[in-house]
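What follows is a set of notes on a single structure, which appears directly below.
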Amino acid sequence: MSGLLEQLNSAQREAVTATEGFVRVIAGAGSGKTRALSHRFAWLVNELGILPGNILCVTFTNKSAHEMRQRIHALTGDNDTGYINTFHGFCVSVLQEDSHAVQYPKSFLVLDNSDIDDMLRIIYEERGLSLRDMTFSAARDMIEIQKLYKRPDYYLDMIALSLDELREKYDRAVGAKDVIFYGYLYQEKKCFGLDYNDLIKFSLYIFKEHEEIKLKWQERLEYIMIDEFQDIDSLQYELMEVLCGYHKNLFIVGDPDQTIYTWRGADVKYLLDFDKHFAPCKTILMMENYRSTPEILAAANSLIDKNRNRLKKELIPTLPSGEEVLCGYAATTEEEAALIAERARLLHDRGVSWGDMAVLYRAHYVTRTVEEAFLREKLPYHIYSGVQFFCRKEVKDALSYLRLIAYKDDLSFLRVANVPKRNLGKRRMAFLQDYAAARLCTLYEALTQTLEDEMFKGTKAAALVSLVERYAAGYEGRPVSEVLSALLNDSGYEKMLRTEGAQDRLDDLAELKQSVREYETTCGEEVGLEHYLSHVALLTNADEADAGDKIKLMTVHAAKGLEFPYVFLCGMNEGIFPSRKTATLAGMEEERRLAFVAMTRAKKALYLSEAGGRTFDNAPRYPSRFLLDIDPPLLTFTQPPPQGLVEEARNWIEASARALPEDTDAYIFPIGTRVRHPLFGEGAVLDVDRDRSAHLVRFDGMATPRMISFKAKLERI
């Protein structure tokens, strides 16, 4: 037996050696799927002689891609680890090679949310909009909806129209929605920027319109592996179908019980119905769990078994017996937080490090009382999914300097042209913006063309241009880490921070330099500046670095894919977990899957907690139905809730479940649909608010519209 197959169980070995055709692996939580994926990659390379560059392995986060590369490098000894990336990261590779097909340069800019907000600021200033017209968050959502659903051919405008023509569309747009949308497309085209949705849409467009490019990628990717397949959305599915169309070697791994991203477009049917669309298909079950104790798994299995729409299966424990799953009831949320702090202190006194503990919750607002208790007891903690490292001001400034020498784009220029001070204030920036708008050039080009103007006498504009030109001409072939260090020094940025005594910000820059060096070490010598900047733009909360020996606080969504020795799952109350926004039976099953994911993050011990008292609207705070779903012998209560409260909760849960429709999609009507309400009569749908699970309807007999819940079950006429 090959050394690669040693220490693998029979299901893992079957997955590793099933190399040809369509293979579906249903892999339960903690069943070693990352091990199976990395060993399968190594099996293809070492045993079958497949070149790493002919293998695509798609992961859910950049962090998991990084870990996968390290594992595969250790197994194969080959610095070439093929295409191991997220879907978006892979599309960056496609576009860097073939962006000429959409008239974009290879050095296009990958935009993150911070860049989008910077563009929105420019648009709002130009057109006199305010946050009362639309918040930035709402504008980002609106742009995404327009691109994916309302105007799915938007990219044809970005490809076919000149900058002049896009600007004209923007100038003629009326209404906040159109002004923001076309202003955003114009700003994107101006700096050759692409956001996350563009990356996949543009790649698909190239494959559709250019048969020779599609065939080149299809032939190159002899084997395709996709992790976390239950989280795939329609665009990613379409891309996958195209890529595997030639060799037809497609290997997918997923767990339908961990589908928690339907709100982001994920559809578990792609996993459940895979064998119907890709036949013949081999299905392998990996159910042996190497993460959690039998007690934790028994409780998790009991919970998820209450879902009706699922593939019937159970996680099988392999570890020895451990601690009982504890559940604590407290009279108030403050007391619940105090119990968590007390239990964490006891664990630490037993020799458990703070970093081995995690507090998970359904929503961020739950952390207030926990933070107060930890501060009071002086327990070290770190909240994940707050301000990301790569969104901190000094880090964004440093990256903007790198982007400025690579792309000379407006966003980077606006951010750092006057940081440190170069006497390029609002008046001079307004002059450059007017000049650039009149000549359809970038702000940096405007500056280079007007350096001799009286406007820039007494400024350090010439020094800035000299700095940018010097580095732009000399960064290729140099390590990114070296360029970054020199640029921060020569620009005066680090000197500015030292003068201010901003040691925390200098520490962040040191951490940034270290992260660049680590990335260079992992990815090898081929890492160029544009390659690194694209990588950084695709980072998300899930890629956040470890905060050291501190208790980790994070939402369950942020904890997906992670594991912790000791887990506290707090706020297990109706209206919190499950969320009060849950409007359908399908939504309730997703909430239960989310609770299952939370429980299966724990390795050694799991502590559940709930609070009594009253909610903000004076309703009784009931125990979560998910606690009541777990078979009673599998939970040990440190203090059980009052029996009367439990009976009240059961009655309330039963009544509320009867009111839930099977799926909201059956009750959602497109804008413009004529509907009938049992009391208000006939009217027309003006808008659909999925977050609030409601239609905005203007009824014929009413002067103003009404927001009507999906639960009202309007009738189409």
Side-chain angles (χ1 to χ4, degrees), residues 29 260 291-293 296 299-300 303 322-330 332-388 541-542 544-573 575-579 591 594-611 621 623-624 626-627 635 637-639:
I260 59 173
R291 176 189 298 156
S292 307
T293 63
I296 294 169
L303 170 70
E323 297 181 27
E324 299 170 308
V325 176
L326 297 181
C327 187
Y329 169 81
T332 65
T333 53
E334 287 75 18
E335 288 185 26
E336 180 188 7
L339 287 173
I340 293 171
E342 181 184 355
R343 177 68 58 177
R345 175 73 71 185
L346 286 172
L347 286 172
H348 191 256
D349 290 345
R350 275 171 38 189
V352 176
S353 67
W354 299 117
D356 280 347
M357 304 178 215
V359 179
L360 307 183
Y361 37 83
R362 178 62 180 87
H364 278 298
Y365 68 84
V366 175
T367 64
R368 181 187 63 81
T369 53
V370 176
E371 283 193 80
E372 288 173 356
F374 282 10
L375 289 169
R376 191 167 54 249
E377 297 299 321
K378 296 182 172 56
L379 305 187
Y381 69 92
H382 174 72
I383 296 182
Y384 284 70
S385 302
V387 177
Q388 296 177 51
N541 280 334
E544 193 169 350
D546 197 337
D549 193 24
K550 296 179 180 179
I551 303 172
K552 300 168 177 67
L553 273 63
M554 67 181 75
T555 65
V556 182
H557 280 104
K560 177 74 162 59
L562 304 178
E563 56 184 39
F564 315 94
Y566 299 86
V567 168
F568 297 88
L569 181 53
C570 64
M572 293 298 287
N573 289 96
I576 299 176
F577 204 175
S579 167
E591 289 286 299
L594 191 58
F596 172 78
V597 166
M599 293 171 68
T600 53
R601 300 310 93 198
K603 298 167 71 175
K604 295 183 177 180
L606 174 64
Y607 307 100
L608 310 172
S609 62
E610 55 173 311
R621 189 178 281 113
S624 168
F626 301 150
L627 293 179
L635 291 181
F637 279 89
T638 55
Q639 181 181 342

**Prompt:** With a 4.5 Å limit on heavy-atom distance, are the side chains of Y381 and V359 in contact?
**Reply:** no
**Request:** If a pair satisfies salt bridge (charged side-chain N to carboxylate O under 4.0 Å, His left out) and one of its residues is in residues 348-364, list it, with sequence neighbours excluded.
**Result:** E323-R350, R362-E591
**Message:** Could you measure the distance from the CZ atom of F626 to the CG atom of L608? Nearest 0.5 Å is fine.
**Reply:** 12.5 Å
**Request:** Decide yes or no for F577 and V556: does some side-chain heavy atom of the first lie under 4.5 Å from some side-chain heavy atom of the second?
**Result:** yes
**Request:** Heavy atoms only: give me the nearest A598-V567 pair and the separation to one decimal.
**Result:** O-CG1, 4.3 Å
**Complete:** In short, salt bridge (charged side-chain N to carboxylate O under 4.0 Å, His left out) pairs touching residues 332-344 with sequence neighbours left out are E334-R368
**Asked** Just wondering, more than 12 heavy atoms not from E563 lying within 6.0 Å of its CD?
**Response** yes
**Prompt:** L562 and A558: which non-hydrogen atoms are nearest, and at how many Å?
**Reply:** CD1-O, 3.8 Å
**Message:** Within the structure provided, determine whether Y361 and T555 are in side-chain contact (heavy-atom separation under 4.5 Å).
**Reply:** yes
**Message:** Can you tell me how far apart CD1 (I576) and OG1 (T333) are? Round to the nearest 0.5 Å.
**Reply:** 8.0 Å
**Request:** Look up atom CZ in R601 and atom CG in L360, then write down how far apart they are to the nearest 0.5 Å.
**Result:** 9.0 Å
**Request:** Using modelled atom types only, decide if a donor and an acceptor are shared between the side chain of H382 and the backbone of G355 within a distance under 3.5 Å.
**Result:** no
**Prompt:** So, the side chain of R291 versus the backbone of T600: is there a donor-acceptor pair under 3.5 Å, distance only?
**Reply:** yes
**Item:** Within-4.5 Å side-chain heavy-atom neighbours: E371 and I383
**Value:** yes
**Message:** Under a 3.5 Å distance rule, please check whether N573 uses its side chain to pair with a backbone N or O of E610 as donor and acceptor.
**Reply:** no
**Nearest-0.5 Å distance, NE2 of residue H348 to CH2 of residue W354** = 4.5 Å
**Message:** Counting C-beta onward and ignoring hydrogens, is there a side-chain heavy-atom pair between F564 and M554 closer than 4.5 Å?
**Reply:** yes
**Message:** If you compare all heavy atoms of A373 against all heavy atoms of A338, which two are closest, and at what distance to 0.1 Å?
**Reply:** CB-N, 4.2 Å
**Asked** Side chains of S609 and I340: does their closest heavy-atom pair fall under 4.5 Å?
**Response** yes
**Request:** Report the relative orientation of the aromatic rings in Y607 and Y566; use parallel for angles under 30°, tilted for 30 to 60°, perpendicular for over 60°.
**Result:** parallel
**V366 side chain near C570 side chain, heavy-atom distance below 4.5 Å** = yes
